[in-house]
Amino acid sequence: MKSSQAKNQQPPFAQLNSFADFISLLTSANSIPHIYTILEQHLCALFHVDTVSIVIYDPLTKSFEVFSSDEGAIGQVMSAENTAAFQALSTNQILHFPTDTTLSTFEDRRIFTKNTPETFIIAPLRTEKNLFGAIYLASSAAHSFDDTTFIAQITSIISRLIEQQQRDQRGDLLASIVESSPNFVGLMRLDGQIIHINPAGLKLIGIGADKKNTITSITHFFTQEEAQRLLYTGLPLALESGSWTVESQLKCTDGAFIPIKKTVTINYDYHNKPISFNLNIEAIAAQKEADAKLTHFLGRLEQQSETLRRALQEEELLRRVLSVTSEQLNFRDAAETLCQIMATYYNVPRSGFVLLNDTQTAGEVIAEYFAQGRPSSIGQTIPVRNNLSMEHVLHTKKPLYIKNAQTDPLMASVHDVMKMFDIVSILIIPVLIDDEVVGTLGFDTTEFKTFSNRQIQIGETVAVQISQTLQRIQATEDLQLATAVVENSPAILFRWRADAGWPVEYVSANIAQLGYTPTEILSGDVLYTSLMYKGDIERVAAEVATIAASGEGEFTQEYRLLKKSGDWIWVDARMVIERNENGRITHYQGIIFDIDERKTIENELKQSEEQFRTSIALLPTPILITSFGDNTLLYFNNAFGELLDIKLEEAFNKPTPNFYINREDLHFVLNTLRTEDTLTGIEMPFRTLTGKQFWAEIAMQKISYFGKPAVLTAVYDVTKRHDAEQFLLEAKEAAESANHLKSQFLSNMSHELRTPLNGIINMAGFVLDGLLGEINDEQAEALEKTVDSGQHLLSLLNDVLDLTKIEAGLMNIIFEPVDLNQMFDGIMSTGNGLVKGKPITFKTEIEPELPSLFADKRRVRQILLNLMSNAVKYTQEGSVTLRARAQDGGIFFSVADTGIGIPEEDYDLVFQEFVQAQNNPMNVISTGLGLPITKQLVEIHNGRIWFESEVGVGSTFFVFLPILSPADVENFEQQNQFVTR
Amino acid sequence: MTTNPYILIIEDDPTNRKVLKILLQKKLKFEHVEEWSNSVNFLEKFKEMPTLPDLVIMDIMLPPTDGFGMIEQIRQEPTLQQMRVVAHTASVMQDQVLRMKESGFDGLISKPIMRDHFPQLIHRLLDGESIWYVS
């Protein structure tokens with residue numbers, strides 16, 4: 001019932017000045033809402049108050065609906081309990097505020113959505129039987145509401161008018177219900193005379209509406225016996241208990257009887273005196289039929305609902321299992337609850353959970369449930385060995401149902417126990433993790449019981465749940481352990497907001513290491529940066545900015561942090577950057593370690609490292625230090641930086657750049673260092689960072705660089721040396737090539753000249769010798785000249801070749817021990833041959849047992865023969881004397897002649913090539929190369945040659961050959977560019 | 001040494017061949033002097049010989065197989081290993097002589113031949129001496 005509807009129905013009223021007009025208006029109201037509307041509109045004027053509020057009581061719900069009051073409260077429903085209105089209503093008293101009490105403690109203060117009026121009264125609307133509502137009359141403080149009697153009278157009248165309306169409405173309602181009811185409804189006098197029967201009743205009896213006046217008594221449709229029973233048994237029972245119901249039969253007009261159910265209720269007058277009874281008759285034939293159908297239907301429904309119920313039960317079961325398994329952190333507690341739930345579900349008196357050990361050799365009862373007392377077996381060990389049922393479950397990994405545990409062979413070992421505890425049927429459900437049985441859920445009964453497949457399936461589902469719980473709890477325990485580890489670890493967990501000063505949002509309890517409590521740090525009073533060392537803040541901030549800008553998510557820093565004690569410690573902070581979806585950094589999260597001790601050691605190391613570096617920084621040798629293994633560049637000195645065009649600040653702590661041009665060189669170095677500690681004298685091409693190439697000689701040494709295995713590499717730029725060597729090598733190759741050509745040329749020339757000489761000398765010689773016939777003297781002389789010319793040409797050729805070979809370094813000198821005593825035997829015979837046919841005596845003065853020379857035997861012989869040959873050539877008569885003696889670490893040879901001698905002015909020319917004595921009275925045929933060659937040969941042996949001469953007396957040539965050792969030969973051969981081997 | 005040794009001359013140059021022939025036949029009066037002007041089928045020819053020469057005087061620059069090639073094959077042939085073979089050449093530079101020694105020649109008769117010394121040289125070579133005299 002809404003007040004707004006009522007308002008709309010309300011016609012406008014003329015001014016009401018009198019109470020009579022008001023009552024008249026009320027009585028004209030045609031409905032209860034109409035009455036309330038009139039009250040709302042006229043009570044203000046009638047009682048001289050400012051506002052009127054009306055609440056209507058609903059006895060069924062024991063609540064008030066606000067019919068009229070401040071805007072916003074209208075239509076609200078409030079429980080009558082703890083309202084001032086109900087207090088007024090139930091006591092039938094007008095309550096006076098604020099004189100009597102204050103509204104603020106009552107629920108109905110809510111009807112005043114604006115200001116609660118300062119002074120008002122609550123008047124109840126009720127009669128003796130009915131409670132309708134209450135009226136709040138509010139006014140200024142001046143209004144005293146002293147005439148409450150008048151108000152009470154008015155409200156009493158209003159109440160009665162409302163009751164009248166209500167009664168009228170109810171009467172109309174009842175009549176219409178009776179008339180339209182499909183059942184027989186009749187009103188009878190207590191003696192059985194009919195007052196009224198509704199249309200449905202008349203129809204049931206079989207009398208038309210037009211003939212309803214023809215029936216006057218219940219005996220018309222009841223048998224006499226039935227009517228008597230109603231009047232003398234039924235009515236007293238109805239009077240006693242309010243109503244009487246009985247099944248009987250109805251006698252229809254056509255004489256047929258139909259089964260009915262009749263109900264009798266008594267009507268009373270105002271004095272509570274029974275005046276009539278209501279007769280309510282239902283035809284129950286159709287109903288009986290329907291009942292049968294219903295019974296059948298209900299049966300089916302029952303079955304369906306059983307299914308439904310079971311499903312619901314299962315769902316409920318699983319829900320409970322889930323809730324237990326997801327909430328319980330302690331597995332034993334969870335298992336115990338599950339045992340109870342499952343025992344209830346299976347309706348068995350006992351259940352238990354056995355947790356197997358890792359090796360599956362035994363289990364422990366860790367949870368159980370009993371419907372009634374039995375000694376607890378918690379903690380009891382269940383052996384698996386020889387426990388056939390357990391072994392069976394472990395093997396099959398499936399539930400095992402045993403109907404009779406006292407006889408089943410699988411329970412053979414425990415038949416006695418089963419009997420002792422009166423256990424009959426057993427169900428064991430395995431709990432699996434990773435397809436391995438980790439425990440069993442067991443149920444036993446004291447009487448035979450079967451389990452449906454469905455029930456066992458449910459059990460398996462629960463087992464899966466237990467398995468997951470076990471794993472989850474294990475994980476949780478791991479997590480707790482991890483948390484404990486974190487809390488006990490030296491790593492302090494932090495979460496900072498990326499705001500100024502890094503406010504800390506989380507810090508682990510082990511911040512206590514630094515003397516703080518988490519609360520202190522989290523309070524926001526202390527900014528994190530205020531704990532940081534001033535000198536570090538700028539660097540740390542710059543590093544964070546760099547890393548943040550680079551887009552990386554993680555970084556590590558070291559800085560100093562203030563302990564509560566006031567001491568500074570070095571910490572290592574490993575942080576993760578957290579960004580929101582816009583990429584803006586919101587938090588840093590990470591751990592910090594106290595690395596003070598390490599830092600101290602590091603600082604000490606650093607100092608000694610500095611010292612070390614300073615000591616090698618300025619060394620002129622380029623030096624590089626790399627870590628052995630990962631090849632990280634640790635250090636290099638200035639010289640190295642300059643040589644390789646590299647800057648330490650850019651290269652430090654990064655992989656060492658590859659300076660090797662050839663990959664094989666790098667591999668060679670790495671392979672060598674794998675097995676060797678040092679590597680020296682290796683020359684290889686290098687490339688600087690800017691691409692400049694140079695030849696490097698490197699020396700490497702494995703060292704320990706401040707505790708780390710490292711490699712020290714010294715690099716020398718040997719490009720110049722290498723180039724020089726290369727140049728020399730090339731020059732040598734060129735020279736060798738040229739020499740080879742020269743040698744080839746000489747060889748060819750020699751061959752080409754000697755071959756025709758063979759013909760010339762010999763053919764002429766044969767004729768000369770008379771082998772080919774007689775010749776005259778003139779012919780002989782000509783042929784002799786031919787042969788001599790050929791011989792001279794051959795000598796010239798040999799000398800030129802010798803000289804050329806010496807000068808070209810092509811002369812092969814073969815140093816070997818030379819036994820002079822043996823050599824002189826041959827020389828003497830040659831000497832005798834030279835002087836043969838001449839008036840010259842060849843003499844020798846050889847010291848006996850001369851030491852051996854280390855020389856080229858052939859060349860020594862050539863030296864002596866040349867001198868002897870020369871001496872013979874320039875001596876007409878006399879003697880040629882060969883002398884030899886050991887002296888001053890060598891051998892003195894001399895060849896003295898009694899020849900023409902050398903004029904002093906020619907001394908300088910003696911050893912010159914192609915120079916012959918101007919004074920040649922003997923017309924000596926000579927190449928002029930003999931002495932120069934001899935001199936060269938002497939010098940090859942590190943010896944000296946000189947002469948003494950007097951014109952007309954003779955000349956003496958002296959040769960000194962030192963006694964050399966093989967080592968000496970090595971030495972001077974290297975110095976003597978003419979000598980090659 | 002037999003009084004009438006069997007000498008084989010292998011020399012492509014007719015003049016040089018003639019010089020040797022005169023020396024051997026007219027000066028030394030050797031009757032059994034054979035001449036080859038080249039090295040064609042030399043191995044077969046040696047093998048077909050009823051008796052091997054007492055001395056082979058061999059030029060080095062020979063067609064088609066030169067003296068070094070011939071001596072190498074001769075020294076590898078068991079039946080010819082012991083045959084005395086001397087080089088006869090104008091290539092008498094030291095390294096060339098060394099090479100001849102290493103190749104298996106038993107000696108050297110250098111060009112030009114010193115005819116006065118030749119008889120002595122031949123006799124010594126026939127006696128089994130190894131002589132490397134360069135004129």
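When reading the values below, keep in mind they use all heavy atoms of this one structure, side chains included, and skip hydrogens, waters and symmetry mates. Proteins come first, then strands; the chains are lettered A, B, ... in the order of their sequence lines, and each starts at number 1.
The choice from B/Leu23, B/Thr15, B/Thr89 that makes the most heavy-atom pairs within less than 4.5 Å of chain A is B/Leu23. Options A/Leu801, A/Leu794, A/Ile761 differ in how many heavy-atom pairs under 4.5 Å they form with chain B, and the most are formed by A/Leu794. Comparing B/Ile113, B/Asn16, B/Val92 by heavy-atom pairs within less than 4.5 Å of chain A, the highest count is held by B/Ile113. Of all the listed residues (A/Asn762, A/Ile760, A/Leu771, A/Leu746), the one sharing the greatest number of non-hydrogen pairs under 4.5 Å with chain B is A/Asn762. For chain B, the option among A/Asp769, A/Asn798, A/Leu772 with the highest count of heavy-atom pairs below 4.5 Å is A/Asp769.
For A/Asn748, no part sits under 4.5 Å from any heavy atom of chain B, backbone or side chain. Of the two parts of A/Leu757, the backbone and the side chain both hold a non-hydrogen atom closer than 4.5 Å to a non-hydrogen atom of chain B. Proximity to chain B is absent for every atom of A/Leu753, based on heavy atoms less than 4.5 angstrom apart. Only the side chain of A/Leu768 comes within contact range of chain B, judged by heavy atoms closer than 4.5 Å. Looking at A/Glu752, neither its backbone nor its side chain comes within 4.5 Å of chain B, counting heavy atoms on both sides.
Environment of CD in A/Gln822: sparse, with no more than 12 heavy atoms of neighbouring residues, nucleotides or ligands closer than 6.0 Å.
Considering B/Met70, B/Glu34, B/Glu35 in turn, B/Met70 is the only one that fulfils the side chain to side chain contact (heavy atoms under 4.5 Å, CB included) rule with B/Ile10.
Using a cutoff of 4.0 Å between basic side-chain nitrogens and carboxylate oxygens, B/Glu11 and B/Lys111 are scored as salt-bridged. Comment: B/Arg84 does not engage B/Asp127 in a salt bridge, judged by the lack of any side-chain N to carboxylate O separation of less than 4.0 angstrom.
You'll find the side chain of B/Lys18 reaches within 4.5 Å of the side chain of A/Met763, heavy atoms only. You'll find the side chain of A/Val787 reaches within 4.5 Å of the side chain of A/Gln791, heavy atoms only.
For the pair B/Glu48 (side chain) and B/Lys45 (backbone), a donor-acceptor distance under 3.5 Å is absent.
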